[in-house]
2 protein chains.
Amino acid sequence: MQHKILIIEDEPDIAGMLEYLLRDEGYEVTVAYSGEEGLQLNKEQEFHLIVLDLFLPGIDGLTVCNRIKQSSTIPIIILSARDKDSDVISGLEIGAEDYITKPFSHREFILRVGKILSRMKWINRQSEIKIGDLLINLEKDEVYMGGERINLTPNEYSLLSCLISRAGWVISWQALLKDVWGYDEWEGGREMVKVNIQRLRKKIEPDPHRPEYILNEWGKGYRLRKIEE
Amino acid sequence: MQHKILIIEDEPDIAGMLEYLLRDEGYEVTVAYSGEEGLQLNKEQEFHLIVLDLFLPGIDGLTVCNRIKQSSTIPIIILSARDKDSDVISGLEIGAEDYITKPFSHREFILRVGKILSRMKWINRQSEIKIGDLLINLEKDEVYMGGERINLTPNEYSLLSCLISRAGWVISWQALLKDVWGYDEWEGGREMVKVNIQRLRKKIEPDPHRPEYILNEWGKGYRLRKIEE
DNA sequence: CAATTTGGTAACAATAAAGTAACAAAAAAG
DNA sequence: CTTTTTTGTTACTTTATTGTTACCAAATTG
């Protein structure tokens with residue numbers, strides 16, 4: 001299967017190089033030469049991965065990253081020329097999947113891209129997901145907690161699936177809203193996500209008041225505990 | 001009789017191999033190289049079994065699986081690339097449906113296909129099906145409840161047969177509608193299924209208000225209690 | 001530390017799905 | 001052609017889920 005990758009990079013040389021590298025690996029590549037264009041393209045199409053340069057004309061790269069994360073669950077690799085720790089931290093704090101400093105070796109870049117995409121593939125191919133005492137059968141849409149079958153409503157299951165697809169990563173309530181309910185914006189959508197997270201926790205958490213599986217990161221979103229491999 | 005098998009697999013190498021293996025066993029094989037194509041073919045033709053790769057371009061394999069189940073009762077074998085580690089599956093019911101991990105031995109694959117088809121055959125060959133106090137004579141189309149002969153109308157019997165063919169699995173009302181009445185969509189079809197489930201329950205359930213045999217799963221469909229073998 | 005934002009909680013209203021009964025239309029039987 | 005059975009349709013009740021609201025607690029901001 002061919003993965004679709006979006007490159008957001010203003011420097012034509014680098015953009016062209018990245019495009020060539022990725023095409024060579026068999027990926028389907030689209031290039032945006034500005035943050036605005038990137039955001040637009042990401043809205044119009046469904047990509048599997050975004051490669052984003054931090055330094056862009058117009059909107060800043062971090063802002064672009066935040067906006068994308070705000071409304072979707074797509075993984076992002078951030079490119080930066082600065083080697084500074086501050087950048088690394090702020091980049092990863094947003095929830096970027098990976099961070100690469102320029103200049104980087106072509107091989108390393110390809111490896112990182114491959115690693116992220118193969119993990120997505122891995123999750124897709126699992127028939128069962130195990131996290132602690134939680135067991136999810138993705139084929140039968142059944143959830144077990146410590147061997148006991150738990151009955152989730154369609155919406156609750158959909159919410160859990162969304163969290164599973166990016167387990168270990170923070171997902172904003174906007175992204176959850178879009179994935180589960182299909183709305184980009186909706187008055188009361190925030191409450192909807194909140195209440196349904198509560199409902200899910202009530203069913204799958206041993207102690208819903210001290211969640212072990214569905215964790216919250218203040219101001220960012222929710223994160224499902226990492227999947228055991 | 002020759003069984004018809006649909007393979008949904010995008011990688012030509014694997015698809016070709018599966019096709020060869022199954023043809024060699026005397027099955028009639030059709031290959032779809034994408035989820036969309038697979039769904040289309042399944043609509044147009046009647047297959048006995050579907051072999052589905054979870055990882056597909058375009059629509060995801062799980063989505064394809066759910067869509068197919070939404071409107072039919074056909075058994076599906078899922079191909080996945082799960083790692084070897086999990087022994088978790090043993091606790092769960094696989095039943096008529098199965099998954100197989102890549103890479104797999106050709107012999108194993110053929111065996112699993114054979115097992116599912118022979119189970120269908122088994123049900124077909126079986127002159128009697130027993131579930132609790134319920135006894136169904138498939139040759140004479142007679143149903144007994146605790147020794148008492150029960151008279152089912154043709155539609156009721158057809159509905160029961162459909163449930164039997166996938167006993168233990170949830171079947172959506174859309175799938176029942178298609179199997180029993182032959183309609184893909186029909187204004188009022190939902191009510192039709194509902195009322196006929198009620199009629200069946202009235203006849204075969206000891207207490208129709210607390211069904212033991214024909215169970216409902218909210219938002220998903222109906223499930224017949226597992227057959228005793 | 002007050003004001004504001006974000007998250008957790010419970011309770012209630014609205015909605016959608018499933019169960020029920022009754023009746024008319026259609027088909028089969030006599 | 002009448003009677004009986006089956007089938008399709010409808011209206012209504014019950015139940016589960018979903019959406020909304022209000023209120024409280026914790027974290028952040030200034």
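The basis for the numbers below is simple: all heavy atoms, side chains too, and nothing from hydrogens, waters or symmetry mates. The chains referred to below are lettered A, B, ... by the order of the sequence lines, with proteins before strands, and numbering in each begins at 1.
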When you measure from the side-chain N and O atoms of [X] to the phosphate of [N], is any distance below 4.0 Å, counting only OP1 and OP2?
X	N	value
A/R190	C/dG7	yes
A/N155	D/dG19	yes
A/Y222	C/dG8	yes
A/W181	D/dG19	yes
A/K202	C/dA10	yes
A/H209	C/dG8	no
A/T153	D/dA16	no

Value in whole Å for how far the [atom2] atom of [N] lies from [atom1] of [X]:
X	N	atom1	atom2	value
A/L200	C/dG8	CG	P	13 Å
B/N216	C/dA16	CG	P	18 Å
B/I171	C/dA18	CD1	C1'	17 Å
A/I197	C/dT6	CD1	P	17 Å
A/L177	D/dT18	CG	P	15 Å
A/E156	D/dT18	CD	P	7 Å
B/E205	C/dG19	CD	C1'	13 Å
A/N196	C/dG7	CG	P	15 Å

Problem set entry | Contact summary for A/K69 and A/I74, nearest pair of heavy atoms | NZ-O, 2.9 Å

Seminar exercise, completed: Closest non-hydrogen contact found for B/P208 with B/P211 is O-CD, 3.7 Å

Exercise. If you find the nucleotide of DNA chain D closest to B/K194 and the one closest to A/G188, which residue's nucleotide is nearer the 5' end?
Worked result: B/K194

Exercise. DNA chain D: B/V195 or B/W218, which has the more 5' nearest nucleotide?
Worked result: B/V195

Problem set entry | Gap between atom CG of B/L224 and atom CG of B/L160 - 0.5 Å precision | 6.5 Å

Problem set entry | Interatomic spacing from CD in B/E142 to CG in B/L152 - rounded to 0.5 Å | 10.5 Å

Within the 4.0 Å heavy-atom criterion, would you say [X] contacts the bases, only the backbone, or no part of the nucleic acid?
X	result
A/G219	sugar-phosphate
B/Y157	nothing
B/E191	base
B/R199	base

Exercise. What nucleotide among C/dA10, D/dT20, D/dT7 has an atom nearest to a side-chain atom of A/Q198?
Worked result: C/dA10

For this session: Decide side chain to side chain contact (heavy atoms under 4.5 Å, CB included) for A/I227 and A/R119; before the verdict, give the C-alpha distance in whole Å, the side-chain angles of both, and the deciding distance to 0.1 Å.
Result: CA-CA 11 Å; A/I227 297 170; A/R119 170 149 185 99; 4.2 Å; yes

For this session: Kindly assign one of parallel, tilted or perpendicular to the pair B/W181 and B/W186, based on the angle between their ring planes and the thresholds 30° and 60°.
Result: tilted

